[in-house]
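The basis for the numbers below is simple: all heavy atoms, side chains too, and nothing from hydrogens, waters or symmetry mates.
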Amino acid sequence: MGFPLLSLIIFTPVAGAAVLMFLRGEDAARWTALSFTVLDLALCIAMLVGFDTTTHAMQFTETRPWVPALGINYALGIDGISALFVFLTALLGSICVLASWVAIDRKVKEFMISLLSMQALMLGVFCALDLFLFYVFWEAMLIPMYLIIGVWGGEGRVYAAIKFFLYTLAGSLLFLIGVIVLYFYGGRTFDILALTEQDLPFRIQSWLFFAFLIAFAVKVPMVPVHTWLPDAHVQAPTAGSIILAGVLLKMGAYGFLRFSLPMLPEASIYYSTLMLALSGLAIVYGGLLALAQDDLKKLVAYSSISHMGFVTLGIFALNLRGLEGGILQMFNHGVTTGALFLFVGVIYERTHTRSIADYGGLMKVAPVYTTFLALFTLSSMALPGTNSFVGELLVLSGGFAANLVAGSAAVLGALLGAAYLLGMYGKVALGPASAGALRDVNAREMTAILPLAVFVLWVGLYPKPFLDIIDASVKHLLTHVHSRGSGP
């Protein structure tokens, strides 16, 4: 109907940040931020209700000239690959405000402005259909994330923020070079859809594939460019960790889906074995690192490396089951790991320690907390009936079809996941009492927990609506990759 729904979704948090600048009082800042994030979530729900699952074409498209001399447009649109992540970003935005209600007690207004700005820029990444516009959103989101870690983080926040910024900036510079090369070799256009139709020489595809690989691998993160992640997670406030795990890590995998596969199909097929090997390494190595942790937040952080390895394994299996499983697992990881970081923050506010040994016997003093923690722990383990089981099953099926060794590594990673997650829960909830008297979760915390719990069970028991959203776009992408990637 010509209604600029995606622009409204992107700029609603910006409007909230603008309103916050003129407000005084911490409570006013909290309620205003919550109101705008809930409004944004409502707009995203409306977007999903109106989404046509029968077509792979971009929907809700908007195009306006921005820099006509260079062919740069303000172009937005979503398909089945990006729709779920737009919704996930808005959902976690509201939860981050609730998670920060008490935890952030200084410069509250500035924190909420940073959080809303971050949300707007992440939404822009998933909606952009112009490569230059995508890069602007991609780069700009580093600034509020740097501030969230560097200003409101823990004792080592400055080191962690600088390390995060330098790692991601280095990858982004390679991405920028790739954008420039694509512009000149792709018909002097920044139109993402037009660039996917270009038939680039294999030499250029190979160079661009590795430039993009480094840029996206830092964001995922893949081994060996993963070392910024534990520092960033440990030092970030709870909301920062939720955003990092729930959305920011998805940016790298989304880059593979939006750029590497459709624009560089021949190189993607040629180097798929390398990507499967790197994915298997991340799955096993991340699981081993998580197994060795005695810090609860570090354990969840290292588990993200392993779980995102499943995502890249599914993507580069280059078959329907693997690719659909990888995309669904991106959504599942945002829900489950975002929830686990929320639970770490909830208990840290009460105990001011993250040592697993200090949390023994929580089942007796906080039964509601430990019941929901069990649900998300089982989800992270991919227990049947939870969301991660569906995604992981599809990834394993596609992974084994593509490469037996990579599939076997994924199975080993799943076993390691069960070991460190069950070990963690046993010590925290069922071990000898050491936490003392603690208050169980309150109404505000339950408001943040319940939506995530709903999606754990909804996707686990009835995944069809979620798979329907991505199905047409995934089939079109696979057809495109295999038809264009059949060169020498």
Side-chain angles (χ1 to χ4, degrees), residues 9 12-13 15-17 19-20 23 25-45 86-120 122-123 144-145 147-149 151-153 233 236-248 297 300 334-352 366 368-373 375-376 379 438-456 458:
I9 287 172
T12 293
V19 171
L20 282 171
L23 292 181
E26 295 180 352
D27 285 340
R30 294 183 179 104
W31 282 107
T32 300
L34 181 62
S35 299
F36 276 91
T37 53
V38 170
L39 174 59
D40 207 33
L41 177 59
L43 291 170
C44 289
I45 292 172
V86 172
F87 170 76
L88 178 65
T89 303
L91 174 66
L92 292 180
S94 302
I95 290 170
C96 284
V97 174
L98 291 171
S100 307
W101 207 268
V102 175
I104 302 300
D105 56 4
R106 59 185 179 87
K107 299 183 179 179
V108 175
K109 181 174 76 172
E110 290 81 359
F111 177 84
M112 294 301 174
I113 290 173
S114 298
L115 197 61
L116 289 170
S117 301
M118 184 75 183
Q119 179 169 328
M122 292 187 301
L123 289 167
M145 193 70 240
L147 293 174
I148 288 171
I149 298 172
V151 176
W152 292 278
H233 270 310
T238 300
S241 292
I242 293 172
I243 286 293
L244 270 174
V247 183
L248 198 70
K297 208 171 189 183
V300 180
V335 170
T336 299
T337 307
L340 288 175
F341 276 116
L342 174 63
F343 273 76
V344 174
V346 166
I347 199 66
Y348 182 77
E349 289 176 22
R350 291 156 169 75
T351 63
H352 301 290
V368 177
Y369 175 91
T370 48
T371 298
F372 279 96
L373 178 61
L375 173 66
F376 293 111
S379 168
L438 288 178
R439 170 174 55 88
D440 211 337
V441 291
N442 56 35
R444 171 183 57 83
E445 291 161 344
M446 281 300 299
T447 304
I449 292 168
L450 282 175
L452 299 176
V454 167
F455 282 104
V456 166
W458 186 1

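Relative ring orientation between W152 and F111 is described as perpendicular, the plane-to-plane angle rising above 60° on a 0-90° scale split at 30° and 60°. Using cut-offs of 30° and 60° on the angle between ring planes, the pair H352 and Y348 is perpendicular.
Between S114 and I148, the shortest heavy-atom distance links the atoms CB-CG1, 4.0 Å. Contact between P13 and L116 at its shortest, heavy atoms only, is CB-O, 3.3 Å.
R30 places no side-chain N or O within 3.5 Å of a backbone atom of S100 that could act as its donor or acceptor partner.
For the atom pair OG1 of T336 and CG of L452, the computed distance is 8.5 Å after rounding to the nearest 0.5 Å. For the atom pair I45 CD1 and D40 CG, the distance stands at 10.5 Å (nearest 0.5 Å). Expressed to the nearest 0.5 Å, how far CD1 of I113 lies from CE of M118 amounts to 16.0 Å. Taken from SG in C44 to CG in L39, the straight-line distance is 10.0 Å, to the nearest 0.5 Å.
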Under the side-chain contact (heavy atoms from CB on, under 4.5 Å) criterion, do E349 and E445 qualify, and how do the steps go?
CA-CA 12 Å; E349 289 176 22; E445 291 161 344; 4.2 Å; yes
Which is it for V97 and F36 under the side-chain contact (heavy atoms from CB on, under 4.5 Å) test, yes or no, and what are the steps along the way?
CA-CA 10 Å; V97 174; F36 276 91; over 6 Å; no
Would you sort out whether L92 and Q119 count as a side-chain contact (heavy atoms from CB on, under 4.5 Å), showing the intermediate values?
CA-CA 9 Å; L92 292 180; Q119 179 169 328; over 6 Å; no
Derivation of the side-chain contact (heavy atoms from CB on, under 4.5 Å) call for F455 and L91:
CA-CA 11 Å; F455 282 104; L91 174 66; 3.9 Å; yes
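A centroid separation of less than 6.0 Å is found between the aromatic rings of F343 and Y369.
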